[in-house]
Protein chains: 2
Amino acid sequence: MGRWEPDAAGRLREAAMALYAEHGYDGTTVAEIADRAGVTARTFFRHFADKREVLFAGSELLEQLMVKALADAPADATPMEAVAAAVLASAEFFDDIRREYSRRRQGVINATPELRERELIKMAALTSALTKGLLERGVAPDVAPLAAETGVAVFRVSFERWISDPDGEPIVDIIRSTLKTLKALSGLTA
Amino acid sequence: MGRWEPDAAGRLREAAMALYAEHGYDGTTVAEIADRAGVTARTFFRHFADKREVLFAGSELLEQLMVKALADAPADATPMEAVAAAVLASAEFFDDIRREYSRRRQGVINATPELRERELIKMAALTSALTKGLLERGVAPDVAPLAAETGVAVFRVSFERWISDPDGEPIVDIIRSTLKTLKALSGLTA
DNA sequence: TCGAGTGATGTCATTGACTGACATCACAAT
DNA sequence: ATTGTGATGTCAGTCAATGACATCACTCGA
């Protein structure tokens, strides 16, 4: 366990998840996480901006994935069709192997207001990234934000449903189903 | 300025707004806020849970207002009609006198990630309150969250538009217009 | 009028997140 | 062997947040 074990960030992530799950977020100190990972607290903060961020590493990847799918949607797709493509693309990120991990992680997040806040701002970042992507597709400025917001809502609802049942359908199917529900709901908007 | 000047909470709110606006959120310490309000830092934390919360006092009132409007909507209203009623009710909260204050406050919030996080969780609380209200109206469990989420999106977009133009229309009209845009968007959902 | 009670405040001490400055180590290229 | 370079450790310090306890201003009943 010398100074140079590789992947300090990875060890810190695992340590944090384990400790947050066991003692809760508040009941865990950064020093404890660092100890378990075999590094110093100072090193923790070199890898993650703060105590919350350690649970959200990788969220940029998901965002990139969805933005790319949005951009790659057919030019003649409607705004919501493009958004739907982006949300469906997120399914790549969540294969069934990650379902248990996702469920565990979400449990920790839901139990801690501070972590919920961080999650929300990640979702907001996703929303504005999608909005930007829509604008670049030429979508009207008053339509783009609403379409993006709606898309993220679909993602959230689907994700939650996905992790709520360990043996449920794959997330792609859940997303499709949620999109259908949305469509039905739209009929009631009048 | 004895120990018993009334409305310490109010003085703390004003002091915080002024200092956050002038030196930024990070550039302001709780001790400075307390000093300006003529109290101790310890007293600050007796009135507000943390350094962020001081900018969000009163958000429960808005929530209650909207939930009540939702509950008071005609029994035969569709889910989105009820939600629309709730969003429109929020207009009571934002008369034109508050527009300048709201704009100022929003500037501070937008400039500070930590405050954005707090704002987002308030919105999330609003969403779940509306969801609960919808469920109590008998709305289907898979429809309620989406309807609530959509309603909050409408509120956010409208609010932002409202404060972006000091001499623009009153917020009620902006909300109505946003609801129309949403309706148009729904047509594209297919 | 006085003394007990109450609620808001002050004081003090402590923990823990986070940061800057600087030293140090492992490894690589020369 | 020498020198760099990047990741880490060490140390000191700031500041948010909390618990424990004292104190003050004011109220009310004896």
Side-chain angles (χ1 to χ4, degrees), chain A residues 1-57 108-109 111-119 121-122, chain B residues 1-57 108-109 111-119 121-122:
Chain A
M1 181 138 49
R3 201 170 183 172
W4 290 138
E5 291 309 309
D7 196 23
R11 265 151 41 223
L12 284 165
R13 272 197 298 272
E14 287 174 24
M17 252 298 283
L19 291 172
Y20 289 171
E22 189 172 357
H23 308 306
Y25 175 83
D26 289 325
T28 304
T29 70
V30 171
E32 288 166 352
I33 299 171
D35 272 358
R36 182 189 265 239
V39 295
T40 313
R42 190 65 182 86
T43 292
F44 176 96
F45 289 110
R46 287 203 179 93
H47 286 279
F48 305 101
D50 57 47
K51 195 184 166 187
R52 302 158 211 92
E53 198 64 18
V54 66
L55 276 194
F56 295 90
V108 173
I109 292 173
T112 315
E114 279 155 287
L115 293 174
R116 292 249 313 125
E117 287 188 339
R118 181 55 50 87
E119 183 186 37
I121 210 171
K122 296 292 182 186
Chain B
M1 178 132 53
R3 201 170 185 172
W4 290 140
E5 292 308 311
D7 195 25
R11 265 151 40 221
L12 284 165
R13 271 197 299 272
E14 288 173 23
M17 253 297 284
L19 291 172
Y20 290 171
E22 188 172 357
H23 308 306
Y25 175 82
D26 289 325
T28 305
T29 70
V30 171
E32 288 166 352
I33 299 172
D35 273 358
R36 182 189 264 238
V39 295
T40 311
R42 191 66 183 86
T43 292
F44 176 96
F45 290 107
R46 287 204 179 91
H47 286 278
F48 306 100
D50 58 46
K51 196 183 166 187
R52 303 159 209 88
E53 198 65 17
V54 65
L55 276 193
F56 296 90
V108 173
I109 292 173
T112 313
E114 279 155 288
L115 294 174
R116 292 248 314 126
E117 288 188 338
R118 182 55 50 88
E119 183 186 36
I121 210 172
K122 296 293 182 186

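Predicted model, so just to flag it, every value in this text is computed and none were measured. We name chains A, B, ... by the order of the sequence lines, and we start the count at 1 in each one.
If you check C/dG10, C/dT19, C/dC22 against the side chain of A/R46, the one that comes closest is C/dC22. Residue B/V39 places its side chain closer to C/dG10 than to any other of C/dA21, D/dC15, C/dG10.
Per the geometry, CZ belonging to B/F45 stands 17 Å off P belonging to C/dG16, to the nearest Å. Atom-to-atom, CZ of B/F44 to P of C/dA8 comes out at 17 Å; the value is rounded to the nearest Å. Counting to the nearest Å, the P atom of D/dA17 and the NZ atom of A/K51 are 13 Å from each other. If you take CG of A/L19 and P of C/dG16, they are 14 Å apart, rounded to a whole angstrom. C/dT11 atom P lies 11 Å from atom CG of B/D35, rounded to whole Å. Atom CG in A/D50 sits about 16 Å away from atom P in D/dA16, given to the nearest Å. B/D26 places its CG atom 11 Å from the P atom of C/dG20, with the value rounded to the nearest Å. One can place CG of B/L115 at 13 Å from P of D/dA16, the figure rounded to the nearest angstrom.
No donor-acceptor distance shorter than 3.5 angstrom exists from the side chain of A/K51 to the backbone of A/F45, with no hydrogens or angles considered.
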Query - salt bridge (Lys or Arg N to Asp or Glu O under 4.0 Å) between B/E53 and B/R13, intermediate numbers included - result: CA-CA 10 Å; B/E53 198 65 17; B/R13 271 197 299 272; over 6 Å; no
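Note on A/R42: every side-chain N or O is 4.0 Å or more away from OP1 and OP2 of C/dA23. Side-chain N/O atoms of B/H47 include one lying less than 4.0 angstrom from OP1 or OP2 on C/dT9. Residue B/T43 places at least one side-chain N or O closer than 4.0 Å to OP1 or OP2 of C/dG10. Between C/dT9 and B/R11, no contact under 4.0 Å exists linking OP1 or OP2 to a side-chain N or O.
A salt bridge is defined here as a Lys NZ or Arg NE, NH1 or NH2 lying under 4.0 Å from an Asp or Glu carboxylate O, and A/E117 with B/R118 meets this definition.
Residues A/I109 and A/Y25 have side chains not in contact (no heavy-atom distance under 4.5 Å, counting atoms from C-beta outward).
In this structure, B/T29 reaches the sugar-phosphate backbone alone: every heavy-atom distance under 4.0 Å involves primed, P, OP1 or OP2 atoms, never a base. Residue B/A41 is out of contact with every strand shown, counting any heavy-atom pair closer than 4.0 Å.
Closest non-hydrogen pair, B/A34 versus B/A41, comes out as CB-N, 3.6 Å.
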